[in-house]
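All chains are named by letter (A, B, ...) in the order of the sequence lines, taking the proteins before the strands, and each is independently numbered beginning at 1.
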Amino acid sequence: MLDLKLLEKNFDEIAEKLKNRGVEEKLLTQLKELFAKYKSQKQVLEELQAKQNKLSKLFGIYKKEGKDIDDLKKEVDSNKAKISAHQEIVRDIEEDLKKIALQIPNIPDPDVPIGKDEEDNVEIKKVLKPKEFDFKPLEHWELGENLGWIDFKRGVKLAKSRFSVLKKEAAALERALINYMLDFNKNRGFEEVYVPFMVNSATLLGTGQLPKFEDDLFKICDEDLYLIPTAEVPLTNLYRDEIIADLTEPIKLTAYTPCFRKEAGSGGKDVRGMIRQHQFDKVELVAITKPEDSDKVFEEMVNTASDLLTSLGLPHRLVMLCTGDLGFSAAKTIDLEVWLPGQGKYREISSVSNTRDFQARRAKIRFKDGKKNRLVHTLNGSSLAVGRTLIAIMENYQQKDGSIKIPEVLKKYL
RNA sequence: GGGGAGGUGGCAGAGCUGGUUUAAUGCACCGGUCUUGAAAACCGGCGUGGGUGAUGAGCCCACCCAGGGUUCGAAUCCCUGCCUCCCCGCCA
């Protein structure tokens, strides 16, 4: 959530920055005015409450002393009516305020390139050179069907479209990748955690999926529970409503979870194959840091994901997202895109974001800084999307005879 | 799922026949005195968010699981939800 006090102070600057993300200035003006109104009305209410407290205390004293309380009762009654009326006013404003404030995305960092959509993202660097094939490399779904590794039809039968079943070496490889990634991250100082795959609405509000993106989530009937769209949600919310006593060292976590997404609005995109599924495995990195540490940890996380790809021998590139392509909660994001020779394209396989204090303010995650409580910075990044890693291995390691070579580092996990 | 008990400040734990208690007390923690240093002892401080002050002191408001309600006044009474513990049932 935006810092409303900051908006009040630096309105023009923030409005300018959010314009690059497609937020209308009108909305921000409305928010600012509402905030001012909220504060003044709240003050009036508090004065009435103070009066009521004093009168009520008097009431008790008078009664004990046997004094006449008729006049006092009249005054206290009329004050009470005023309080109720004002409470309603304040509550309404507060609701409107929340409604708007929770819809506004994070402010982009100054070094985020200004742009409209993914076309304007900026490549930072390429790592590893794509291999030359002396035959026409196939796409992963062809390989998957030829080898009997991926069963798309039965996935659909069991659930619906955009579900699939892994078989043979692919099933084992999926599991091997998860274990390899977790070990890799542990060696980089991330603590392994196992979390619930369903979370409640307060949790989703904390990381920014709710209230705006409810349509992207699978909800459990008649329960305040949703399937997680990413492990970022449970991991970051571990510290929701907490004040971390000692954050001299950043908290760095890693977890494997399946992820569930409705993929609303992506109709027609990547319908073929395993790129975009309703259920996919991911190993996630999350960090909680002091504000002054988050840039350093952000780099560490990008490097961890990139080195992981390198260790698997997968060519990839780093891309800095532009303002128009940033996710809702992110102040800055670097995507890692892996080379898929079958498609002849780089495709997203990881996304590392610094949300600064945006999620921390929503989720009330703070730390003790001397006597003061300050908001933390939260960061998240995939390391990696497992299904996409699997297909990247299939496409990059395919042989002329149609078989797939297994990367050395994975052999001990199979 | 059925029956019972209960949810109070970092922890423990009083208050719960509603009012001059602004949530007692202990532990932990922080600062100080004492000490070569430490412990003990003693003194002081010690929840969160917001408002108004100067990011000071002070003052004010809200919060005793959450949301409603009764009342001039609620930690205390009523309703709903969530959670914990015990017993029973079911179960990987």
Side-chain angles (χ1 to χ4, degrees), chain A residues 1-10 31-99 101-102 194 196-206 210-211 219-226 234 237-248 251 290-292 357-376:
Chain A
M1 200 167 72
L2 277 193
D3 182 350
L4 292 177
K5 281 191 214 162
L6 198 71
L7 181 73
E8 204 173 36
K9 257 193 235 157
N10 303 338
L31 188 63
K32 186 184 154 189
E33 282 167 3
L34 215 49
F35 184 53
K37 195 167 147 201
Y38 170 74
K39 284 207 299 192
S40 67
Q41 290 302 312
K42 181 95 188 266
Q43 203 172 338
V44 173
L45 174 64
E46 284 185 1
E47 275 160 22
L48 290 171
Q49 284 172 323
K51 186 176 172 191
Q52 190 76 349
N53 288 342
K54 274 197 197 106
L55 292 180
S56 291
K57 229 165 251 175
L58 258 187
F59 197 101
I61 294 169
Y62 277 26
K63 230 180 156 180
K64 204 165 199 181
E65 293 174 351
K67 285 189 186 164
D68 181 55
I69 51 172
D70 286 359
D71 288 350
L72 187 59
K73 168 93 170 133
K74 263 182 214 157
E75 198 182 349
V76 106
D77 276 341
S78 82
N79 195 56
K80 192 189 179 184
K82 280 190 212 161
I83 288 180
S84 315
H86 242 84
Q87 256 166 351
E88 205 147 307
I89 293 170
V90 170
R91 202 178 302 165
D92 286 350
I93 298 173
E94 206 173 357
E95 238 168 70
D96 290 347
L97 197 61
K98 247 193 204 159
K99 209 183 274 172
L102 290 174
Y194 181 84
F197 300 162
M198 293 182 208
V199 294
N200 58 35
S201 51
T203 297
L204 286 156
L205 193 94
L210 287 181
K219 186 175 194 308
I220 307 299
C221 260
D222 302 324
E223 297 265 4
D224 181 30
L225 284 175
Y226 299 77
N237 277 282
L238 283 172
Y239 295 93
R240 174 157 56 83
D241 291 323
E242 293 193 22
I243 299 168
I244 299 161
D246 182 9
L247 197 58
T248 42
I251 295 171
K290 295 195 287 191
E292 48 272 34
D357 61 10
F358 185 83
Q359 292 179 326
R361 186 171 295 106
R362 287 177 161 245
K364 296 192 185 68
I365 309 174
R366 291 155 294 170
F367 72 103
K368 279 263 175 240
D369 190 14
K371 274 206 153 184
K372 275 200 181 139
N373 299 323
R374 293 171 62 201
L375 292 171
V376 301

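- Summarising the base pairing, B:rG1 is matched to B:rC88 through a Watson-Crick or G-U wobble pair whose two defining distances lie under 3.5 Å.
- Atom NZ of A:Lys290 has more than 12 heavy atoms from other residues, nucleotides or ligands within 6.0 Å.
- In this structure, of B:rC61, B:rU55, B:rG73, it is B:rU55 that holds the atom nearest to the side chain of A:Lys372.
- Comparing A:Gly60 and A:Ile243 along RNA chain B, the residue whose closest nucleotide (by nearest heavy atom) sits nearer the 5' end is A:Gly60.
- In this entry the distance linking CD1 of A:Ile83 with P of B:rC60 reads 16 Å, nearest Å.
- Pair assignment for B:rU21: none, as no Watson-Crick or G-U wobble contacts are both less than 3.5 Å.
- Considering only side-chain N and O atoms, A:Lys371 lies nowhere under 4.0 angstrom from the phosphate OP1 or OP2 of B:rU48.
- The interatomic distance linking A:Glu94 (CD) with B:rC61 (C1') rounds to 13 Å, in whole Å.
- Legend: residues meeting side chain to side chain contact (heavy atoms under 4.5 Å, CB included) with A:Lys73, ordered by chain and number and at least two apart, are A:Phe59, A:Asp77.
- Nucleotides B:rU17 and B:rG69, compared at atom P, are 23 Å apart to the nearest Å.
- Look at the P atom in both B:rG81 and B:rG4: the space between them is 15 Å, to the nearest Å.
- Of the candidates B:rG73, B:rU48, B:rA62, the closest approach to any side-chain atom of A:Gln49 belongs to B:rA62.
- The salt bridge (Lys or Arg N to Asp or Glu O under 4.0 Å) test applied to A:Asp3 returns A:Arg361, not counting sequence neighbours.
- If you take OH of A:Tyr38 and P of B:rA62, they are 13 Å apart, rounded to a whole angstrom.
- Shortest non-hydrogen contact noted between A:Leu375 and A:Ala360 is CD2-O, 3.7 Å.
- Rounding to whole angstrom units, CG of residue A:Asn53 and P of B:rC63 are separated by 9 Å.
- Straight-line distance between the P atoms of B:rA14 and B:rG6: roughly 12 Å, to the nearest whole Å.
- Side-chain proximity of A:Lys80 to B:rG19, B:rG73, B:rA62: nearest is B:rG73.
- Within 3.5 Å, a donor on the side chain of A:Glu46 pairs with an acceptor on the base of B:rG50, or the reverse.
- Sparse packing is recorded around NZ of A:Lys364, with 12 or fewer heavy atoms of other residues, nucleotides or ligands lying under 6.0 Å away.
- Proximity note for A:Arg366 (side chain, C-beta onward) versus B:rG50, B:rU52, B:rU48: the nearest is B:rU48.
- When the nucleotides B:rG49, B:rG51, B:rC72 are ranked by their closest atom to the side chain of A:Ser56, B:rC72 comes out on top.
- Only the P atoms considered, B:rC78 is 14 Å distant from B:rC16, to the nearest whole Å.
- Shown here, B:rG44 forms a base pair with B:rC30; the pair counts as Watson-Crick or G-U wobble because both key distances fall under 3.5 Å.
- Between the P atom of B:rG81 and the CD atom of A:Glu223 lies a distance of 14 Å, rounded to the nearest Å.
- Nearest to the side chain of A:Asn373, among B:rC61, B:rC72, B:rG49, sits B:rG49.
- In B:rG53 the base sits syn relative to the sugar, since the glycosidic angle is no further than 90° from 0.
- Taking every heavy atom of both residues into account, A:Leu34 and A:Ile93 meet most closely at O-CG2, 3.7 Å.
- Here B:rG49 presents its P atom at 14 Å from CD1 of A:Ile365, a figure rounded to the nearest Å.
- Taking side-chain N and O atoms only, A:Lys368 has a distance below 4.0 Å to OP1 or OP2 of B:rU48.
- Taking atom C1' on both B:rC83 and B:rC77, the two are 22 Å apart, rounded to the nearest angstrom.
- Remark: the separation of the P atoms in B:rA75 and B:rG67 is 14 Å, to the nearest Å.
- Note on A:Lys73: a side-chain N or O is less than 4.0 Å away from OP1 or OP2 of B:rC72.
- Going from the C1' atom of B:rA40 to that of B:rG32 covers 16 Å, rounded to whole Å.
- Atom NZ of A:Lys368 has more than 12 heavy atoms from other residues, nucleotides or ligands within 6.0 Å.
- Here A:Gln52 lies in heavy-atom contact (under 4.0 Å) with sugar-phosphate atoms only.
- Between the P atom of B:rU80 and the CG atom of A:Asp224 lies a distance of 20 Å, rounded to the nearest Å.
- Nucleotide B:rG6 forms a pair with B:rC83, judged by Watson-Crick or G-U wobble geometry with both contacts under 3.5 Å.
- The pair A:Arg374-A:Glu292 meets the salt-bridge criterion, since a charged nitrogen lies less than 4.0 angstrom from a carboxylate oxygen.
- Pair assignment for B:rU35 gives none, since no Watson-Crick or G-U wobble pairing has each distance under 3.5 Å.
- Comparing the P positions of B:rA66 and B:rC60 gives an interatomic distance of 24 Å, to the nearest angstrom.
- For the pair A:Lys5 NZ and B:rU55 P, the interatomic distance rounds to 10 Å; values are reported in whole Å.
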